[in-house]
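Below, all heavy atoms of this structure are taken into account, side chains as well, without hydrogens, waters or symmetry copies.
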There are 4 protein chains.
Amino acid sequence: MDKMRKRDEKKLIALEQAALDLVQENGLSQLTINKLAKRAGVSVATAYIYFENKADLLGHLYQTAREQLIDSIPEPNEQDAISLQFETVMRAYAHNFNEAPKALNFMAALAANPEYLPEALQGNTTLLGPAMLAVIKRGYLAQMLLTDNVDLIIAQALQPLQWLYQVRAQNQVVVASAELDQLIAMATRAIFKA
Amino acid sequence: MDKMRKRDEKKLIALEQAALDLVQENGLSQLTINKLAKRAGVSVATAYIYFENKADLLGHLYQTAREQLIDSIPEPNEQDAISLQFETVMRAYAHNFNEAPKALNFMAALAANPEYLPEALQGNTTLLGPAMLAVIKRGYLAQMLLTDNVDLIIAQALQPLQWLYQVRAQNQVVVASAELDQLIAMATRAIFKA
Amino acid sequence: MDKMRKRDEKKLIALEQAALDLVQENGLSQLTINKLAKRAGVSVATAYIYFENKADLLGHLYQTAREQLIDSIPEPNEQDAISLQFETVMRAYAHNFNEAPKALNFMAALAANPEYLPEALQGNTTLLGPAMLAVIKRGYLAQMLLTDNVDLIIAQALQPLQWLYQVRAQNQVVVASAELDQLIAMATRAIFKA
Amino acid sequence: MDKMRKRDEKKLIALEQAALDLVQENGLSQLTINKLAKRAGVSVATAYIYFENKADLLGHLYQTAREQLIDSIPEPNEQDAISLQFETVMRAYAHNFNEAPKALNFMAALAANPEYLPEALQGNTTLLGPAMLAVIKRGYLAQMLLTDNVDLIIAQALQPLQWLYQVRAQNQVVVASAELDQLIAMATRAIFKA
DNA sequence: CATGAATGAGCTTTCATTCAT
DNA sequence: AATGAATGAAAGCTCATTCAT
């Protein structure tokens, strides 16, 4: 039993890694099950043991990437000042985006082409995760936010961050530490009251 | 000669419209030359008279969309205050995004999947156009900007705007006038010195 | 225009002939689009210009076979005695079955596996055609039939005929003229009053 | 040993039942080893312990169905009148067809697609079993039959019976007792001298 | 210039069968 | 004996592109 499970894990991880690599290299539209299987070192039919179809496969990988990048971020310490909490979460996003640029690219590609995903997931493409949501709620309750419109907060905080990291990864340029500082400062000015 | 040109124009416009419609309806990945030609009411072979291949076709349509949405924006009046100029250009972007949501969607889809475009265009997917570039230059010279890092300015001004309009178009919800006001206010706080 | 239509016809006929041959040789379950196209000398994709999918293709060929074997039979002369009319139609069936054994085999194979056919056709697998139907009606009105149950008449007249011709074709044995005479005599005894 | 045999029997019966069900539900062409094993609650590999390959498996199930429907019929009492013996056997067929419509359907499907069966069985698809064969022999010796051509007798007696029961099972309509009486009467008229 | 027909290459998916345990 | 995982081969189907007219 254990051995079987181990094999599962290996194949799954191989498929996952191959998918991230291929999308990074050639774009989502070039990701086919054949290429994926070949790259992962498994047979095409094997992929269909683990996943129902291509959409299901992409959906799972998408969820994994999303979890790694977003859902894994812990809620910040409630004792800290709200703006510090915001900064902490922003830095956590940035850290994740920086560590896993392929996952970031993969997630972004699927968010821009939701028709690849199973219908159940097509509406679930926001960058907002539980940690940032908590911060926003706290900021709202403390009346420190300029707006209660969550879309606008995402637009001025998470979207810029994601866009910057993705553009830079595409061009293989790093985001300098000072740039991140500045982006967070700008986002903070944008969404918090003076 | 005139007749021919007119025919050209008609077919081109038909192809363009069909492409925008189909991408809106089914996503970029579902856009095939056969479907495109059928929808446009021309033969597949005709498309290959006007364009070398699919990438070339998409490239041209992409340029057209980009022009309509971005390059058409006039440079603002140099006499106005810089922040007013910024607001003016932001409102022009917003106006265009609002008027041509399909073009916006088309442009964004291609920006997220540059592998569809001819190589020559693959680096040219920024939202920055001449009008906004002029404003940034002026603001920089007047030392009114918090940063001289253009990427950060795009990240905090144009990206949020585009994202908001695109998300709303996808969900068929309009961007309220007050929302636009607020987004511009937030972007202004983000990039201009206090 | 004419030339195009001619090409159509040629390809269609080639596909049709190839389908009959392949089913005859290897059975319906071995009939694949690839083999069919190869045998017909066209590309796979070409088959999909003429037909929507495999079921549609089989449906059309099935209809063609059915027409050739059944629907083409003329209604017999109303002046003749009913039993003579019956014999005439039975002989017409027999003649067709004899002339087009591949079509007979093809039709029978599909009737036994209606899941291959488009849903619209799945209920339409009877041997009864307009000619025999007319005879049955006339016999009924003249009160010469032992039963008004059409199923029973088919069971005792057309099914035996078809079965005999098909079994013989499979074993490459001809139906002797005397056998046909006898079968018709037996069927006549079965369905007509003494 | 006994345990094993019992397990064998259980698995075999499960496979058999699953095959009948699946063919009934989706047609023979949709019957795959994977689906069969899943439905029977055994592993695919297990099926290959009991049977050499798919044809062998189908062959065995076919034989079982055939036995249940045909070979199990006892020879009728030689003291009875021949036509009564004939009727008795016909009623036995009818009874079996009625009791086991799935087996009937399964047998008919394979008879129409012998390419699924092992070559050794491909010629063995007649409805004629020992009981009816005995009756025919006796009728022949007693010179009561219109013909000594066995094919014609099958064509006018067993084929109609099978066809009627199968069509009715497909349409989920029962064969009324009066219908059966009439069919036997017609078949009797067809094959016996007046 | 314009076209519908045609196609090689490649797609997603499934199959009968075997392997490792 | 029994199994779930694995797979090469092949299925149905579609695509970007070209050809004949």
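- Between dA1(F) and K11(D), no contact under 4.0 Å exists linking OP1 or OP2 to a side-chain N or O.
- For K35(D) and dC15(E), the shortest distance from a side-chain N or O to OP1 or OP2 is below 4.0 Å.
- Counting all heavy atoms, side chain and backbone alike, P101(B) lies closest to A169(B) at CB-CB, 4.2 Å.
- In summary, of the residues considered (L36(C), T32(C), I33(C)), a side chain to side chain contact (heavy atoms under 4.5 Å, CB included) with V44(C) occurs for I33(C) alone.
- Across the protein-nucleic acid pair, E9(B) atom CD and dC1(E) atom C1' stand 16 Å apart, rounded to whole Å.
- The shortest side-chain heavy-atom distance between Y116(D) and S29(D) falls under the 4.5 Å cut-off.
- Atom CG of L117(A) sits about 6.5 Å away from atom CG of L58(A), to the nearest 0.5 Å.
- Counting to the nearest Å, the C1' atom of dT12(E) and the CG atom of L36(A) are 13 Å from each other.
- The closest side-chain heavy-atom distance from Y48(D) to L57(D) is not below 4.5 Å.
- Sorted by first and then second residue, the pairs that involve residues 23-32 of chain C and meet salt bridge (charged side-chain N to carboxylate O under 4.0 Å, His left out), not counting sequence neighbours, are E25(C)-R39(C).
- For dA2(E), the OP1/OP2 oxygens have no side-chain nitrogen or oxygen of Y48(B) closer than 4.0 Å.
- For R66(D) against N124(D), the heavy-atom pair with the smallest separation is NE-O, 3.7 Å.
- Rounded to whole Å, the distance from CG on L57(B) to C1' on dT17(F) is 13 Å.
- One atom, OH of Y116(B), and another, P of dA16(F), lie 9 Å apart when rounded to the nearest Å.
- A 4.5 Å side-chain heavy-atom check between L20(B) and Q24(B) finds every atom pair outside the cut-off.
- Between the P atom of dT17(E) and the CG atom of D56(D) lies a distance of 10 Å, rounded to the nearest Å.
- Neither OP1 nor OP2 of dA5(F) sits under 4.0 Å from any side-chain N or O of Y50(A).
- K38(B) comes within contact range of no nucleotide atom at all, as no heavy-atom separation falls under 4.0 Å.
- At the heavy-atom level, N34(B) lies under 4.0 Å from base atoms of the strands shown.
- With contacts defined as side-chain heavy-atom distances shorter than 4.5 Å, the pair T46(C)/K11(C) qualifies.
- Contact check of residues 16-33 of chain B against DNA chain F (heavy atom, cut-off under 4.0 Å) returns L31(B), T32(B), I33(B).
- In this structure, the side chains of H60(A) and D56(A) come closer than 4.5 Å at one or more pairs of heavy atoms.
- Distance from the side chain of A45(C) is smallest to dG8(E) among dT17(F), dG8(E), dT7(F).
- In terms of position along DNA chain F, the nucleotide closest to A47(D) lies nearer the 5' end than the nucleotide closest to the other residue of the pair A47(D) and E52(B).
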* Asked: Can you give the dot-bracket line for DNA chain F, where a pair is Watson-Crick or G-U wobble with both atom distances under 3.5 Å, crossing pairs use [ ], and | marks a partner on another strand?
  -> .||||||||||||||||||||
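- Atom CD1 of I49(A) is separated from atom P of dA6(F) by 5 Å (rounded to the nearest Å).
- Put simply, CZ on F51(C) is 15 Å from P on dG12(F), counting in whole angstrom units.
- For dT7(F), the OP1/OP2 oxygens have a side-chain nitrogen or oxygen of T46(A) closer than 4.0 Å.
- With DNA chain F read from its 5' end, the first of the two nearest nucleotides for K54(C) and G41(A) is the one closest to G41(A).
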